[in-house]
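Take a look at the structure set out below.
What you see below is based on every heavy atom in this structure, not just the backbone, and it leaves out hydrogens, waters and symmetry mates. In this chain, residues are counted from 1 in sequence order. As the structure is a computational prediction, the values presented were derived from the model and not from experiment.
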Amino acid sequence: MKDLKDLLPVEAVRLDVRAADWRAAIAVAGRLMVETGVTTEEYTREMVANVEENGPYIVVAPGVAFAHARPSPAVLTTGMSWVRLAEPVEFGHESNDPVTLVVALAAQDSAAHTSAMAALARLLGDPATAAALATAPTPEALHAVLAGERPESGPEAPEPPASAGPLASAGPSASAESSATAPSSAAPEPSSFPEPSAESSPEPSAAEPRAASLHKILTVCGNGVGTSLFLKNTLEQVLDRWGWSRFVTVEATDTISAKGKASEAVALFTSREIARTLGDVGRPVKVVRDFTSTAEVDSVLRDTYDV
């Protein structure tokens with residue numbers, strides 16, 4: 001599995017680039033991937049079409065757009081590019097515009113770049129490292145930060161709730177306004193886990209004890225290979241901090257697959273644009289504005305489980 005420095009060579013980094021609009025910004029990022037042998041020019045058109053069809057959900061954090069499209073014959077090998085803009089451009093995102101950084105990804109599948117996405121999400125989510133990336137004077141200096149020469153981490157996200165696990169309560173809340181039973185102070189055993197939804201899953205009979213299970217949360221984007229992996233990593237950081245990772249699994253997926261998998265999950269975390277595309281899937285759909293913010297994901301997770 002390739003790491004971030006392998007997928008993003010110095011030759012694929014451009015700093016202080018001028019772009020007239022979001023299409024031009026994506027075009028610069030796409031051209032870098034063509035020049036480094038990652039894609040054909042068709043993939044750039046596919047990245048633009050992705051935004052035209054699904055909206056500006058690729059703006060994953062304030063000032064940061066993560067341009068990508070589905071794996072296709074236009075992808076020659078998995079790789080990335082990095083474009084820091086001289087002047088910000090509008091992508092049309094409600095809360096994260098304007099954009100000063102466009103990171104582009106071309107993936108042959110959803111597996112080869114997962115560790116790189118995790119590393120990038122952590123870097124962009126750390127205020128000190130993000131500042132270093134924003135002020136790096138040369139592509140070489142920026143690449144050094146990406147390779148691990150990073151400043152001290154910024155402030156931590158809020159402390160986890162007192163309960164030892166999410167499943168000590170009756171289950172996740174169905175919406176932002178709904179409530180759940182207060183969590184107990186002791187972590188539940190896997191065999192006592194509640195079903196994801198009492199409304200959509202029939203209660204087992206006394207002769208059929210409920211099987212041990214984990215809760216699952218889906219992180220969803222248009223293609224399942226880019227922004228959903230950002231959000232998955234951030235959510236897993238929060239679960240690790242809370243000590244809930246053994247109770248809750250996280251799966252990154254695309255909008256089409258998410259509709260089929262929704263019944264397996266307690267909730268779906270995604271952007272506002274993708275939430276509109278999903279519609280009613282029979283499970284709570286939670287909107288996250290900043291996919292790199294552990295503080296925001298912490299808050300959304302608290303709301304999901306009403307803790």
Is there a side-chain contact between [X] and [Y], using heavy atoms and a 4.5 Å cut-off?
X	Y	value
Arg302	Trp242	yes
Val64	Val99	no
Thr100	Arg84	no
Val288	Glu296	yes
Phe269	Val300	yes
Val28	Val102	no
Ile26	Phe91	yes
Leu124	Leu101	yes

Over all heavy atoms of both residues, which pair between [X] and [Y] is shortest? Give the atoms and the distance, please.
X	Y	answer
Ala275	Val285	CB-CG1, 3.8 Å
Leu218	Ala265	CG-CB, 3.9 Å
Thr78	Leu7	O-CD2, 3.5 Å
Ala121	Thr292	O-CB, 4.2 Å
Ala252	Leu229	CB-CD2, 3.7 Å
Ala107	Tyr43	N-OH, 4.4 Å

Next item on the list: Start with the C-alpha gap between Arg122 and Glu236, add the side-chain angles, then the distance that decides, and say whether salt bridge (charged side-chain N to carboxylate O under 4.0 Å, His left out) holds.
Entry: CA-CA 11 Å; Arg122 288 192 295 270; Glu236 287 176 338; over 6 Å; no

Margin query: Tell me every residue that passes salt bridge (charged side-chain N to carboxylate O under 4.0 Å, His left out) with Glu273, counting only those two or more places apart in sequence or in another chain.
Written below: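 So Glu273 forms no salt bridge (charged side-chain N to carboxylate O under 4.0 Å, His left out) with any residue.
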
Notebook entry, point to check: Partners of Lys259 by salt bridge (charged side-chain N to carboxylate O under 4.0 Å, His left out), sequence neighbours excluded?
Noted result: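 Result, salt bridge (charged side-chain N to carboxylate O under 4.0 Å, His left out) vs Lys259: none returned.
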
Check: If you count the non-hydrogen atoms of other residues, nucleotides and ligands that lie under 6.0 Å from NZ in Lys5, is the total more than 12?
Finding: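 Counting neighbours around NZ of Lys5, 12 or fewer heavy atoms of other residues, nucleotides or ligands fall under 6.0 Å, so no.
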
Check: Should we count CG of Asp16 as having more than 12 external heavy atoms under 6.0 Å?
Finding: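 Result for CG/Asp16: enclosed.
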
Note to self: Applying the ring-ring contact (aromatic ring centres under 6.0 Å, His included) criterion to Phe66, which one of Phe291, Trp82, Phe230 satisfies it?
What the structure shows: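 It is Phe230; the other options fail the test.
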
Item checked: Carboxylate-amine/guanidinium contact Lys216 Glu251, below 4.0 Å ->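 Result for this pair is yes, salt bridge flagged.
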
Notebook entry, point to check: Step by step, would you call Lys261 with Glu264 a salt bridge (charged side-chain N to carboxylate O under 4.0 Å, His left out)?
Noted result: CA-CA 6 Å; Lys261 295 177 179 180; Glu264 305 170 6; over 6 Å; no

Path from [X] to [Y] over hydrophobic side-chain contacts below 4.5 Å:
X	Y	answer
Val145	Leu4	yes
Val75	Val34	no
Val10	Val103	no
Val250	Val287	no

Check: When you measure from the side chain of Thr270 to the backbone N and O of Thr219, does any donor-acceptor pair fall under 3.5 Å?
Finding: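 The answer is no, because no donor-acceptor pair under 3.5 Å joins these two groups.
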
Note to self: Donor-acceptor pair, distance only, cut-off 3.5 Å: does the side chain of His143 make one with the backbone of Leu8?
What the structure shows: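 Yes; at least one donor-acceptor contact below 3.5 Å.
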
Notebook entry, point to check: With sequence neighbours excluded, what pairs up with Ser257 under the side chain to side chain donor-acceptor pair (under 3.5 Å) test?
Noted result: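 Ser257 satisfies side chain to side chain donor-acceptor pair (under 3.5 Å) with Asp254 only.
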
Check: With sequence neighbours excluded, what pairs up with Asn96 under the side chain to side chain donor-acceptor pair (under 3.5 Å) test?
Finding: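 If we apply the side chain to side chain donor-acceptor pair (under 3.5 Å) test to Asn96, skipping adjacent residues, there are no hits.
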
Say you draw a straight line from [atom1] of [X] to [atom2] of [Y]; how long is it, rounded to the nearest 0.5 Å?
X	Y	atom1	atom2	value
Thr36	Glu11	OG1	CD	8.0 Å
Glu41	Thr39	CD	OG1	8.5 Å
Leu301	Trp244	CG	CH2	5.5 Å
Ile274	Leu231	CD1	CG	11.5 Å
Thr234	Asp298	OG1	CG	12.0 Å
Ser271	Lys286	OG	NZ	15.5 Å

Check: If you look only at pairs with a residue in residues 28-38, which of them pass as a salt bridge (Lys or Arg N to Asp or Glu O under 4.0 Å), with sequence neighbours excluded?
Finding: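 Matches after skipping sequence neighbours: Arg14-Glu35.
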
Next item on the list: Look at the rings of Tyr305 and His215 and say which category their plane angle falls in: under 30° parallel, 30 to 60° tilted, over 60° perpendicular.
Entry: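 Parallel: the ring planes of Tyr305 and His215 meet at under 30°.
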
Check: Just checking, any donor-acceptor pair under 3.5 angstrom between side chains of Asp126 and Thr129?
Finding: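 Their side chains do contain a donor-acceptor pair, which is all the 3.5 Å distance test asks for.
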
Next item on the list: State, without any angle test, whether Ser72 and Glu46 hold a side-chain donor-acceptor pair at a distance under 3.5 Å.
Entry: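 There is such a pair between these side chains.
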
Can you give the donor-acceptor pairs under 3.5 Å from side chains of residues 47-56 to other protein atoms, not counting sequence neighbours?
residue : atom : partner : partner atom : Å
Asn50   : OD1  : Asn54   : ND2          : 2.7
Asn50   : OD1  : Tyr57   : OH           : 3.4
Asn50   : OD1  : Asn223  : ND2          : 3.4
Asn50   : ND2  : Tyr57   : OH           : 3.0
Asn50   : ND2  : His68   : O            : 3.0
Glu52   : OE2  : Arg23   : NE           : 3.3
Glu52   : OE2  : Arg23   : NH2          : 3.2
Asn54   : ND2  : Asn50   : O            : 3.4

